[in-house]
Colleague: 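For reference, the structure I am asking about is given below.
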Amino acid sequence: METATLNPATAQQPPLIPREVLFGNPERTQPQLSPDGAYLAYIAPNEQNVLQVWLRTVGQEDDRPLTADRKRGIRAYFWAYDGRHLIYLQDADGDENFHCYSVDIQSQAVRDLTPFQGVKAQPIELDPAFPDQFLVGLNLRNPQVFDVHRVNLTTGAVEIDTENPGSVLGWTVDAEFKVRAAIAATPEAGSALLYRETVDQDWQTLREWGPEEAGSSVGFSVDGRTLYLTASHDANAERLLALDLVSREETVIAEDAQYDVGGVVTHPTQHTLQAVAFYRERLEWQVLDPEIAEDFDAIAAIRTGEFGIVSRTLADDRWLVSYATDDGPVYYYTYDRASRTSTLLFSNKPALEDLPLAPMQPIQYTSRDGLTLHGYLTKPVESTTPLPTVLLVHGGPWARDRWGFSPLVQWLANRGYAVLQINFRGSTGYGKAFLNAGNREWAAKMHDDLIDGVNWLVEQGIADPAKIAIMGGSYGGYAALVGLTFTPEVFAAGVDIVGPSNILTLLNSIPPYWEAMRAQMYHRIGNIETEEDFLKSRSPLFKIDQIQKPLLIAQGANDPRVKQAESDQIVSAMREAGKPVEYVLYTDEGHGFARPANQLHFYAIAEAFLQKHLGGQCEPATDIAGHSGVLN
């Protein structure tokens, strides 16, 4: 696809890339091989441009859609081990009460496996030895907790398997498809590892982690005598551990002094640990199983980019491998283990392949109190500094930015902006000391880290200090509100997407199934029951008199995490005070954008907003069919 020359282009301004190319649906994505390798499934839009699950017989060109979602599109699915059913997830207009649906690949009959109104389904496990069964968590008995249910894929029957003792957040299943371990929240804001030798025994606590530690269960060995964990006790960063369930001794399998374990590859039937990932500046693999060492070497040589195994057959003779880069689409390859050869399957967006996309550069600087902060800088292609700049803040906040292609980053860079992404204190992946440095620091040291990043950019001569905007979603939206209220002289404009404006109302309206995590949230943010004044002092809603620069807000009407009231209240207060604000409410969205029409609609508005206040390029607005945005 050719780029659109919608504005005159100069040597410093490459042709504009249409928003539709960056934010529209992928052509094909998320391929998965059936367990026997006979079929390939993937997600792609149908003729109505709604994402569906498609099926192809391997070796043929008989691609056909299996599903017929009418509006929202399907974004997550997986194969059942019977080789006949695919299971996909869908909610209603962003309410996050996901149901699990099965579709028969022969008859295309669709069945709602969890047909309970107002109930959220959480897939837990499938097992090749039990191909007609599926374990799923449901908050059916109590909205606050998820019990394990066993679903028969043939009949659709749903039976309770394991009742939640009250605070379990995650379950672990052994090689006999029995729930034998769990991670539970504790009243002290920490977590506990629960274990039972057999399913008819009571749970016992094997280990507790304090509020400033972390632990999770990876899985059991095939004989059930070893439980693999990731945990940060006795170390700064989360390590990969093997816990002997007889002797209760722990063995360190993999560790890094600074970086947490970022992922584990296990064998699909032998339950052995094969590789572990650490996400430093970029993803790095450490092979644990010699059986796959040559495979990983061969895969790494196929092409540049971060690779991952996205699917493998039960025979383990064929893999699907993805390659992600910062300046192009995701490429998917089939990999034959016997010959160690690969074949390009497809890329998710071929239209990106020949576009002037910008590289993402890892950066680091020192905060005002001495912390080393990491992040990423993306500058427009062929740009001349100083540049108008967007500080793009990640959500969570207990998450992190990563290297790789981002449509949002590329859109901003193509419009002429430098884009700075900072993994401020409280971000995950950098060990518990860095994570805990963000405790009780919302709108304080976490925000100082962002301002220090802005100052670093200005000192480097990269950013024009008069033309810097702050933008983000969820916590990043909150950070944008903080930027305009707590440091109003720094930013020329702000863009808030589903960000909370008042920590008090945020904590008072969390979803019921977050209740077990309330103590941890109080520990990390502040206790609403005893520290109302403290939380009020960290809430942008109560500092709108400080706002000097314009604000753009987007909100989903059905957001279960950050309710519509969070945006309504600050917009109302700003307008009453005569402050400049634009507000777009999407009636069929939740915590962010799922529908491309809504995303395209909002980013057209945001693009014009940023051009007005920062001076970048702007693609002319076009009518976006099917969006639900309401300008309030």
Side-chain angles (χ1 to χ4, degrees), residues 7-17 280-282 326-327 356-394 400-406 408-425 427 445-472 476 479-480 482-484 486-495 548-550 606-607 609-618:
N7 280 358
T10 68
Q12 271 66 46
Q13 294 181 318
L16 288 179
I17 301 171
R280 299 178 175 100
E281 288 184 348
R282 293 174 56 174
D326 57 343
D327 58 356
L357 299 173
M360 182 180 284
Q361 173 191 352
I363 59 98
Q364 69 178 55
Y365 60 94
T366 303
S367 72
R368 66 189 68 180
D369 61 350
L371 280 184
T372 298
L373 300 173
H374 298 267
Y376 301 92
L377 174 64
T378 305
K379 294 187 292 185
V381 175
E382 301 177 1
S383 59
T384 300
T385 56
L387 290 159
T389 297
V390 175
L391 174 61
L392 187 61
V393 186
H394 70 69
R400 62 160 288 176
D401 280 314
R402 297 187 175 199
W403 180 88
F405 177 81
S406 162
L408 194 55
V409 169
Q410 292 296 334
W411 163 66
L412 291 168
N414 182 255
R415 270 47 176 176
Y417 307 113
V419 185
L420 179 63
Q421 299 168 277
I422 298 168
N423 287 323
F424 47 86
R425 71 189 69 201
S427 300
K445 291 182 180 179
M446 292 165 75
H447 188 65
D448 290 346
D449 291 346
L450 300 178
I451 301 302
D452 290 347
V454 169
N455 292 337
W456 176 81
L457 268 192
V458 172
E459 292 166 2
Q460 297 292 315
I462 296 169
D464 180 344
K467 295 182 178 180
I468 300 174
I470 183 169
M471 177 177 185
V482 169
L484 267 62
F486 285 70
T487 51
E489 72 286 349
V490 175
F491 299 104
V495 181
Q548 302 173 12
K549 301 298 170 55
E607 188 168 312
F609 176 84
L610 291 171
Q611 182 191 47
K612 180 179 179 180
H613 301 293
L614 298 186
Q617 295 194 94
C618 185

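Not measured: the values here are computed from a predicted model.
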Colleague: Determine the minimum heavy-atom distance between Pro550 and Ala492, stating which atoms define it.
Modeller: CD-O, 3.6 Å
Colleague: Which value, rounded to the nearest 0.5 Å, describes the distance between Ile422 atom CD1 and Leu373 atom CG?
Modeller: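 Ile422 atom CD1 to Leu373 atom CG measures 7.5 Å (nearest 0.5 Å).
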Colleague: Give the minimum heavy-atom separation between Gly416 and Pro388, together with the two atoms involved.
Modeller: O-CG, 3.6 Å
Colleague: From Phe486 CZ over to Ile451 CD1, what is the distance, rounded to the nearest 0.5 angstrom?
Modeller: 11.5 Å
Colleague: Check for a donor-acceptor pair, side chain of Asp449 on one end and backbone N or O of Arg425 on the other, with a separation under 3.5 Å.
Modeller: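 The answer is yes, because a donor-acceptor pair under 3.5 Å joins these two groups.
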Colleague: Which distance, rounded to the nearest 0.5 Å, do you find between the OG1 of Thr372 and the CG of Asn423?
Modeller: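 Rounded to the nearest 0.5 Å, the OG1-CG separation comes to 13.0 Å.
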Colleague: Among pairs that include at least one residue of residues 453-472, which meet side chain to side chain donor-acceptor pair (under 3.5 Å), considering only residues two or more places apart or in two chains?
Modeller: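 Counting only pairs at least two positions apart or across chains, no side chain to side chain donor-acceptor pair (under 3.5 Å) contact touches residues 453-472.
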Colleague: If I take atom OG1 from residue Thr384 and atom NZ from residue Lys379, how far apart are they, to the nearest 0.5 angstrom?
Modeller: 10.0 Å
Colleague: What verdict does the side chain to side chain contact (heavy atoms under 4.5 Å, CB included) test give for Met446 and Val482, after you've listed the backbone C-alpha separation in whole Å, the side-chain angles of each residue and the deciding distance to 0.1 Å?
Modeller: CA-CA 11 Å; Met446 292 165 75; Val482 169; over 6 Å; no
Colleague: Nearest heavy-atom pair of Ala469 and Leu614: which atoms, and what distance?
Modeller: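 Minimum heavy-atom separation between Ala469 and Leu614: CB-CD1, 3.7 Å.
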Colleague: Stepwise, does the side chain to side chain contact (heavy atoms under 4.5 Å, CB included) test hold for Leu420 with Ile363?
Modeller: CA-CA 9 Å; Leu420 179 63; Ile363 59 98; 4.1 Å; yes
Colleague: Has Trp403 got a side-chain atom pairing as donor or acceptor with Tyr376's backbone, closer than 3.5 angstrom?
Modeller: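 A pair under 3.5 Å: no.
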Colleague: Side chains of Asp369 and Asp448: does their closest heavy-atom pair fall under 4.5 Å?
Modeller: no
Colleague: To the nearest 0.5 Å, what is the distance between CE (Met471) and CG (Leu408)?
Modeller: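 Nearest 0.5 Å value for the CE-CG distance: 5.0 Å.
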Colleague: Does any non-hydrogen side-chain atom of Ile468 lie less than 4.5 Å from one of Val458?
Modeller: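 Heavy-atom side-chain distance check passes, below 4.5 Å.
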Colleague: Enumerate the side chain to side chain donor-acceptor pair (under 3.5 Å) contacts for residues 409-421, please, sequence neighbours excluded, ordered by first and then second residue.
Modeller: Asp401-Gln421, Trp411-Glu607, Arg415-Glu607, Arg415-Glu619
Colleague: Once rounded to the nearest 0.5 Å, what's the spacing between atom OG of Ser427 and atom NE2 of His374?
Modeller: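 Result: 11.0 Å between the selected atoms.
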Colleague: Which pair of non-hydrogen atoms, one from Pro359 and one from Thr378, has the smallest distance, and what is that distance?
Modeller: O-CG2, 3.6 Å
Colleague: List the steps, then state whether ring-ring contact (aromatic ring centres under 6.0 Å, His included) holds for Phe424 with His394.
Modeller: CA-CA 9 Å; Phe424 47 86; His394 70 69; 4.4 Å; yes
Colleague: State, yes or no, whether a side-chain contact exists between Leu387 and Leu457 at a heavy-atom distance under 4.5 Å.
Modeller: no
Colleague: Where do Lys549 and Ala493 come nearest, in terms of heavy atoms and distance?
Modeller: CB-N, 4.2 Å
Colleague: Any sub-3.5 Å donor-acceptor pair from Asp452's side-chain atoms to Ser367's backbone N or O?
Modeller: no
Colleague: Compare every heavy atom of Ala413 with every heavy atom of Val419, then report the nearest pair and how far apart it is.
Modeller: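 So the two residues come closest at CG2-N, 4.1 Å.
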Colleague: Kindly say whether Gly616 contributes a backbone atom to a donor-acceptor pair with the side chain of Gln611 at under 3.5 angstrom?
Modeller: yes
